[in-house]
There are 2 protein chains.
Amino acid sequence: MTAAAPTTSSRALPHPAREDIRLEGVLHALSDPMRLRIVRELAAGADELSCSHFDLPVTKSTTTHHFRVLRESGVIRQVYRGTAKMNGLRRDDLDALFPGLLDSLLAAADRQAARLGVAG
Amino acid sequence: MTAAAPTTSSRALPHPAREDIRLEGVLHALSDPMRLRIVRELAAGADELSCSHFDLPVTKSTTTHHFRVLRESGVIRQVYRGTAKMNGLRRDDLDALFPGLLDSLLAAADRQAARLGVAG
DNA sequence: CGACTCGTACGATAGACCTCGTAGTACGGT
DNA sequence: ACCGTACTACGAGGTCTATCGTACGAGTCG
């Protein structure tokens, strides 16, 4: 109604509340190479990145699956913006629940990537 | 000498070399509640703890399985000492590979346990 | 030696997980 | 209204995992 520009669109996606985020779930989400890669790009990139920004060596179905696992474990936040789905790390919640963990994890991933000769 | 007391016994167990430890493997190992619990007890307890010290709500077969996963992912070191198998965290290797990660993980686990009202 | 304890190996089972393909929905532009 | 793009839902295949039970090897103590 008189709504001109609903840039942030209607469809809502189920996210776990902060207090429902479980460490085991986060670790499980990050234990998959594809998902770890997504999170690293998310941390290195802008605040929000669309799903299609990622060029993963899997089909789009699988990509969707991984993003959902990340969202349902509480690692990322997803919001529709038109046809695109924007993804962002839940830094605030993760830092509140597990101070320093996310940074250690990202640093560890960076270190390993450097050690294995994979471009960051 | 003349080998009187072979406290540290014969049977050797395969461990991954430090440089073969993968972050994804570590995270996967720690993403299981039973294994996370083991690691927490290991970190809180003495340098080395026997398998039988742990009173887990699973059978002995399953316990063996979990310890093996932890060992093969590089999280713990296992050594036979008579009939007992002593377990210790590979703090040195993990700290060298991923500085600060183990402490962050343990702190996060402690925090969550406290938050959920589980005795540490 | 015999018996007991500690832990292993192997097989089985049920569930979870990663991957894919196809078909379908939501949104934006022409 | 139509089409293209972005993402999803559902189902299937193959692999991995957690769990168990039973049978077995290694070591210690009487």
Side-chain angles (χ1 to χ4, degrees), chain A residues 3-15 22 24-39 48-73 75-88, chain B residues 3-15 22 24-39 48-73 75-88:
Chain A
T7 359
T8 322
S9 135
S10 35
R11 252 180 314 181
L13 289 159
H15 290 74
R22 300 279 272 112
E24 297 91 324
V26 172
L27 297 184
H28 172 241
L30 266 35
S31 72
D32 182 277
M34 217 62 70
R35 290 194 291 260
L36 185 56
R37 175 169 162 176
I38 291 174
V39 169
E48 290 192 326
L49 290 175
S50 74
C51 288
S52 55
H53 172 266
F54 296 84
D55 193 24
L56 303 172
V58 291
T59 66
K60 256 195 296 189
S61 296
T62 306
T63 302
T64 295
H65 163 69
H66 285 310
F67 274 105
R68 174 163 40 176
V69 172
L70 286 171
R71 187 188 70 236
E72 291 180 345
S73 67
V75 176
I76 66 171
R77 189 173 297 131
Q78 296 190 294
V79 179
Y80 278 105
R81 244 190 154 193
T83 81
K85 188 153 75 168
M86 306 308 287
N87 305 277
Chain B
T7 0
T8 322
S9 136
S10 35
R11 254 181 311 179
L13 290 159
H15 290 73
R22 301 280 270 114
E24 296 92 323
V26 172
L27 297 184
H28 173 240
L30 265 38
S31 71
D32 183 278
M34 216 64 69
R35 291 194 289 262
L36 185 57
R37 175 169 164 176
I38 292 173
V39 168
E48 289 192 327
L49 290 175
S50 75
C51 288
S52 55
H53 172 267
F54 297 83
D55 193 25
L56 303 173
V58 291
T59 66
K60 257 197 296 192
S61 297
T62 307
T63 303
T64 296
H65 163 69
H66 285 311
F67 274 105
R68 176 164 37 177
V69 172
L70 285 171
R71 188 188 70 238
E72 291 180 345
S73 67
V75 176
I76 67 171
R77 198 178 335 249
Q78 295 189 296
V79 179
Y80 278 104
R81 245 186 154 196
T83 81
K85 188 153 74 169
M86 306 309 287
N87 306 276

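Just so it is clear: chains get the letters A, B, ... in the order the sequence lines come, proteins before strands, and each one is counted from 1. Only heavy atoms go into these numbers, but all of them, side chains included; no hydrogens, no water, no symmetry mates. Treat the numbers as computed from the prediction; the structure is a model and nothing was measured.
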For [X] and [N], give me the distance from atom [atom1] to atom [atom2], rounded to whole Å.
X: Met86(A); N: dC27(C); atom1: CE; atom2: C1'; result: 15 Å
X: Lys60(B); N: dT22(D); atom1: NZ; atom2: P; result: 14 Å
X: Ile38(A); N: dC18(C); atom1: CD1; atom2: P; result: 11 Å
X: Arg11(A); N: dC27(C); atom1: CZ; atom2: C1'; result: 7 Å
X: Leu36(A); N: dC18(C); atom1: CG; atom2: P; result: 13 Å
X: Leu70(A); N: dC17(C); atom1: CG; atom2: C1'; result: 14 Å
X: Arg68(A); N: dT19(C); atom1: CZ; atom2: P; result: 14 Å
X: His28(B); N: dC16(D); atom1: NE2; atom2: C1'; result: 8 Å

Would you please confirm or rule out a distance under 4.0 Å between OP1 or OP2 of [N] and any side-chain N or O of [X]?
X: Thr59(A); N: dC20(C); answer: yes
X: Thr83(A); N: dT5(D); answer: no
X: Arg35(A); N: dC18(C); answer: yes
X: Thr63(A); N: dC7(D); answer: no
X: His65(B); N: dG7(C); answer: no

### Message
Tell me if the side-chain of Ser61(B) makes a donor-acceptor pair with the base of dT22(D), cut-off 3.5 Å, by modelled atom types.
### Response
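Indeed, a donor on one side and an acceptor on the other fall under 3.5 Å apart.
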### Query
Taking N and O atoms by type only, does the side chain of Thr64(B) place a donor or acceptor under 3.5 Å from a partner on the base of dA9(C)?
no
Ignoring the backbone of [X], work out which of [options] is nearest its side chain.
X: Ala84(A); options: dT19(D), dC7(D), dG7(C); value: dC7(D)
X: Val58(A); options: dT19(C), dA18(D), dG7(C); value: dT19(C)
X: Thr62(A); options: dG7(C), dA18(D), dT19(C); value: dT19(C)

#### Entry: Non-hydrogen atoms of Arg71(A) and Pro14(A) that approach each other most closely
NE-O, 3.0 Å
### Task
Could you tell me which non-hydrogen atom of Arg37(B) sits nearest to which non-hydrogen atom of Asp55(B), and how far apart they are?
NH2-O, 3.2 Å
### Task
Rounded to the nearest 0.5 Å, what's the gap from CE on Met34(A) to CD on Glu24(B)? Could you check?
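It comes to 10.5 Å.
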### Partner of Leu70(A) under side chain to side chain contact (heavy atoms under 4.5 Å, CB included), chosen from Val26(A), Leu30(A), Asn87(A)
Leu30(A)
### Any Gln78(B) side-chain heavy atom under 4.5 Å of Cys51(B) side chain
yes
